[in-house]
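Contents: one structure, followed by commentary.
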Amino acid sequence: MTDDALSRPTVHALLADGTTVCIRPVQRGDHDQVQGLYEEMSPENLRLRFFAASRRSAATAADRACAQPHPGHRALLAETARRVIGLAEYDSGGTGDTAEISIAVADGLHHRGVGTLLVEHLVSAARAAGITTFSADALSENHEVLKLFADLGLRTARRFEGPEVRCTIALDQSDTYLTAVEERGRAADVVSLEPLLRPRTVAVVGAGRKPGSVGRAILHQLHAGGYTGRLFAVNPAASSILGVPCHPSVGALPKTPDLAVLAVPAAAIPGTAEECGKAGVRAVLVVTAGLDADQARALLATCREYGMRLVGPNCLGISNTDPELRLDATFAAGHPRPGTAGVAVQSGGVGIALLDGLSRLGIGVSSFASLGDKYDVSGNDMLQWWESDGRTDLALLHLESFGSPRAFSRTARRVTRRLPVLTIDAGRTEAGRRAAASHTAAAATRTMTRGALFTQAGITATRSVGELLEAAALMHSQPLPAGPRVAIVTNAGGAGVLAADACAEAGLQLPAPGPELIDDLLDVLPAGAAVGNPVDATAAVTEEQLGDCVDRMMRSGGFDAVLVALVPTAVAAATGDDLVRAITGAPGRHPKPIVAVRLEQGLPVELLPAVEDSTIPSYAEPHAAARALAHAARRTAWLARPAGTVPDLDGVETQRAHAVVDAYLDRHPDGGWLDPRECAELLGCYGIPQLAWAWADTEDDAVLAADRLRGADGRVVMKGHWPGLVHKTAEHAVHLDLRGDHQVRAAFRDLETRFAALLEGVVIQPLADRGTELFAGVVQDQVFGPLVLFGLGGTATEILADHAARLAPLTDHDVHDLITAPRCAPLLLGAGGTPSGGGARPVDLQSLEQLLLRLSRMASDLPQLAEADFNPVLATPGGVTVLDARVRLLPRRPQDPYLRRLR
């Protein structure tokens, strides 16, 4: 693959101080600017760069960087405001896998991350070109460049040779490197959001003089909400609006705003954004909807050119309830209640519902962003902000799209270990599935893909605004349960039955109380109480008795949470007992969650005041309480597991696999399905075990192959092949259980007769042993990347739809979850559902894990792999073998999902 084929387009990224820079390949027309970069350096920096302070070095370096592109050489520059501020290049000489690297940063711009950002992009380009090592010479006194190499997160070796140091940098993409890149990106991202979410000065552009305009509504919210910074309005026809000073243009403002809110017609947006950029505005919020494609491109290009972060367009606005700021730049009906929940949504309507619900619950909001069409600032940005703001302890998301799902997943995995991240799984259904070319494509729905993302990242996915608020109420107010075991206490048997059904359907457990606890409960409850699970305390229970019962259940080691289902009775009213008060005294004393269900409750969920300034979530429906507890229990289980690692695999020949792919795409520029021989070669590069097979072009070849491959029982299988054939059984292109030469010849003639215009040849295999037929595959989602699927195989794989999915690359935990998630998992573990179960022996789980890990590695290495379909995969106690494999390639360029860049 040539360097030209791997050239990267222009991208924008953030420096350590939040400044936006453009990273792009050097062009021949950049010669004067590159030479100027060196000529403007101090003599000392020239000496450190070239080991001498000669000014002639500048012209020589510019000639080399801007020369005609040639194999093994890559030069990238960083520029801001169309000024070159940094250059990095490598040169391998066109051969080998090692390249020399050099870096230059403009004087006055050191310690802002220019060099590091350039090297990260150079590393990504070098990896794609097959380069595995960088080397560089530096003076031993050049502490800055030596520190840059040391802090990259890559394995770096130094060798001192007199006054010089020889640095060797391995370019393997380890988790250490990705974590270092991620941390640099997080820090830069948070700094870049300061003008947006903590602006010291705000200007509303397009605030009207008459009520009814969106701009005026936002100005009113900011003014009435008590925004503590300086506030201006921009309207050439007014001197003040709502008591806020008004100016004719952004350029005429007495102070440059950090944030400009644009509420002007769509046609005026590009020009207004340009005006903001020229004035030095650092962030823009565009609430205007209806931008056409040209207006959208112009808006984003302007924001990138001037380094402005952008929220919107087509959004509700943003807010930050910090008492020292009180920023409410939204046109919602009321001000959000200050609190600790961070909220980011794409739908303004969902945003209003969440703001209202969180305010009503008393949880409140730390900061809120309505992302709208999400041209720039995304859910990933907001997660990183909440991780660092010191105020947020709960994150709520409503995202309809993902710009970089794998980067989002890494961020979410980190953030979710610090605070709960909850989302509404929006867009779960589709009008119809896309045309599926294989079992894998048929199984891979967007719902499954999103579910894999949320599961692997530890995100709590709910199905509605109500369910999101139900789970948020529990996680905000109560400790997480240690597990899924729930005790139910009720004063009405029917309510207890409803609660028990709800818990069981939510996947929670209802263990019976032990004998000692039963005796304790009978001692405190009224006569006639039924002590099981649920505990029916009867309508005669008093406030004191109910409190004692709940207290004993909370103290019991047999339960992880207590659900109390109450209905109002005349008995309690007559005695003056307040059964709700009996349970609100219980929290605080025990590190277990307690939830209430009150069937007469008007609101779906509310928080009841409890002792020690705590609250108890109270639900109007048992299913709501059970769902919330199940979400909390799953979060506990996710937090209890250490972060998974992607295992190292032996016997993987990545370079040979790339050669196989490149050779096929050279012959088939539009892509297509590999034939059995090419497919076997590709699988062999990853050590994926296949059943022995042979290719036959003629009847005689088929007989010879069958003689060679027959097992002890003498039976073979014949499969026809032609380009595009996927479902062989459906096409009746398979002959099973062939014995003797006569049957082999007859089968070949049958295929040749029926598929004369299509048939290219046949595959002969021995008849496989008996075992469990499974399915494994991968599909390359254009948004989410490679998705690995696994489940029950054979001809019924699509009918039964017993599949699970995880996004590649799979960790050791992911592959375990993938194997145990489908309903067929007990078949793999043995008849009893465990390796020690009676009856059938468990299959070779270690080999099955290896198969899925190698499939994941193949998908991660090869972006050209559009889909792979292994069906069936035969699993036995003695091993795992692919009986039939199909692989489709498309001409896709590799992209680094973890490379630091703005959307």
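A quick note: this is a predicted structure, and the numbers were derived from the prediction, not measured. Here, residue 1 is the first one in the sequence, and each next residue gets the next number.
When the side chain to side chain donor-acceptor pair (under 3.5 Å) test is applied to S367, the partners found at least two apart in sequence or on another chain are W386. For the salt bridge (Lys or Arg N to Asp or Glu O under 4.0 Å) test, residues two or more places apart in sequence or in another chain that qualify with D381 are R309. For the salt bridge (Lys or Arg N to Asp or Glu O under 4.0 Å) test, no residue two or more places apart in sequence or in another chain qualifies with D356. Listed by chain and residue number, N320, T321 satisfy the side chain to side chain donor-acceptor pair (under 3.5 Å) test with R391 (two or more places apart in sequence, or in another chain). By the side chain to side chain donor-acceptor pair (under 3.5 Å) test, D520 pairs with no residue at all, sequence neighbours left out. Not counting sequence neighbours, the partners of R627 by the side chain to side chain donor-acceptor pair (under 3.5 Å) test are E470. Every residue was checked against the salt bridge (Lys or Arg N to Asp or Glu O under 4.0 Å) condition with R417, not counting sequence neighbours, and none meets it. Every residue two or more places apart in sequence or in another chain that forms a salt bridge (Lys or Arg N to Asp or Glu O under 4.0 Å) with E182 is listed here: R410, R414.
Here the side chain of T392 pairs no donor or acceptor atom with the backbone of L394 at under 3.5 angstrom. A distance-only check finds a donor-acceptor pair linking the side chain of S464 to the backbone of E467 [under 3.5 Å]. Checking side-chain atoms of R418 against main-chain N and O of V415 turns up no donor-acceptor pair under 3.5 Å. The main-chain N or O of L397 is found under 3.5 Å from a side-chain atom of T423 such that the two form a donor-acceptor pair.
The pair R555-D551 meets the salt-bridge criterion, with a side-chain N (NZ, NE, NH1 or NH2) lying under 4.0 Å from an Asp/Glu carboxylate O. Between R598 and E606, at least one side-chain N (NZ, or NE/NH1/NH2) sits under 4.0 Å from a carboxylate O, which counts as a salt bridge. By the 4.0 Å N-to-carboxylate-O rule, R463 lies too far from D425 to be salt-bridged with it.
The number of heavy-atom neighbours closer than 6.0 Å to NE2 of H816, taken from other residues, nucleotides and ligands shown, is 12 or below. Counting non-hydrogen atoms of neighbouring residues, nucleotides and ligands closer than 6.0 angstrom, the CD atom of E324 reaches no more than 12 such neighbours.
Looking only at side-chain heavy atoms (C-beta outward), L371 and L399 come within less than 4.5 Å of each other. Contact of the D373 side chain with the C315 side chain is not registered, since no non-hydrogen atoms from C-beta on lie closer than 4.5 Å.
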Between V465 and L469, does the side-chain contact (heavy atoms from CB on, under 4.5 Å) criterion hold? Intermediate values first, please.
CA-CA 6 Å; V465 171; L469 291 171; 4.1 Å; yes

I'd like to know whether S409 forms a side chain to side chain donor-acceptor pair (under 3.5 Å) with Q456, so could you lay out the CA-CA distance, the side-chain angles of the two residues, the decisive distance to 0.1 Å, and finally the verdict.
CA-CA 8 Å; S409 179; Q456 288 171 271; over 6 Å; no

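Nearest heavy-atom pair across A596 and I583 is CB-CD1, 3.6 Å.
Among pairs with a residue in residues 475-496, those fulfilling salt bridge (Lys or Arg N to Asp or Glu O under 4.0 Å) read R485-D560, at least two apart in sequence or across chains. For residues 505-517, the set of pairs meeting the side chain to side chain donor-acceptor pair (under 3.5 Å) definition, not counting sequence neighbours, comprises E505-H623.
Donor-acceptor pairing under 3.5 Å is lacking for the side chains of D536 and T490.
Less than 6.0 angstrom separates the ring centroid of H803 from the ring centroid of F775.
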Can you give each donor-acceptor pair under 3.5 Å made by side-chain atoms of residues 633-642, sequence neighbours left out, with the distance rounded to 0.1 Å?
unit_1: R634; atom_1: NH2; unit_2: H631; atom_2: ND1; d: 3.1
unit_1: R635; atom_1: NH1; unit_2: T416; atom_2: O; d: 2.8
unit_1: R635; atom_1: NH2; unit_2: T416; atom_2: O; d: 2.9
unit_1: T636; atom_1: OG1; unit_2: P481; atom_2: O; d: 2.6
unit_1: T636; atom_1: OG1; unit_2: A632; atom_2: O; d: 3.2
unit_1: R641; atom_1: NH1; unit_2: D817; atom_2: OD1; d: 3.0
unit_1: R641; atom_1: NH1; unit_2: D817; atom_2: OD2; d: 3.1
unit_1: R641; atom_1: NH2; unit_2: D817; atom_2: OD2; d: 3.1

Give every donor-acceptor pair under 3.5 Å between a side-chain atom in residues 331-355 and any protein atom, sequence neighbours left out.
unit_1: H335; atom_1: ND1; unit_2: D328; atom_2: OD2; d: 2.7
unit_1: R337; atom_1: NH1; unit_2: S359; atom_2: O; d: 3.4
unit_1: T340; atom_1: OG1; unit_2: D393; atom_2: OD1; d: 2.8
unit_1: T340; atom_1: OG1; unit_2: D393; atom_2: OD2; d: 3.3
unit_1: Q346; atom_1: OE1; unit_2: E400; atom_2: N; d: 2.6
unit_1: Q346; atom_1: OE1; unit_2: S401; atom_2: N; d: 3.0
unit_1: Q346; atom_1: NE2; unit_2: G372; atom_2: O; d: 3.4
unit_1: S347; atom_1: OG; unit_2: G349; atom_2: N; d: 3.3
unit_1: S347; atom_1: OG; unit_2: V350; atom_2: N; d: 3.2

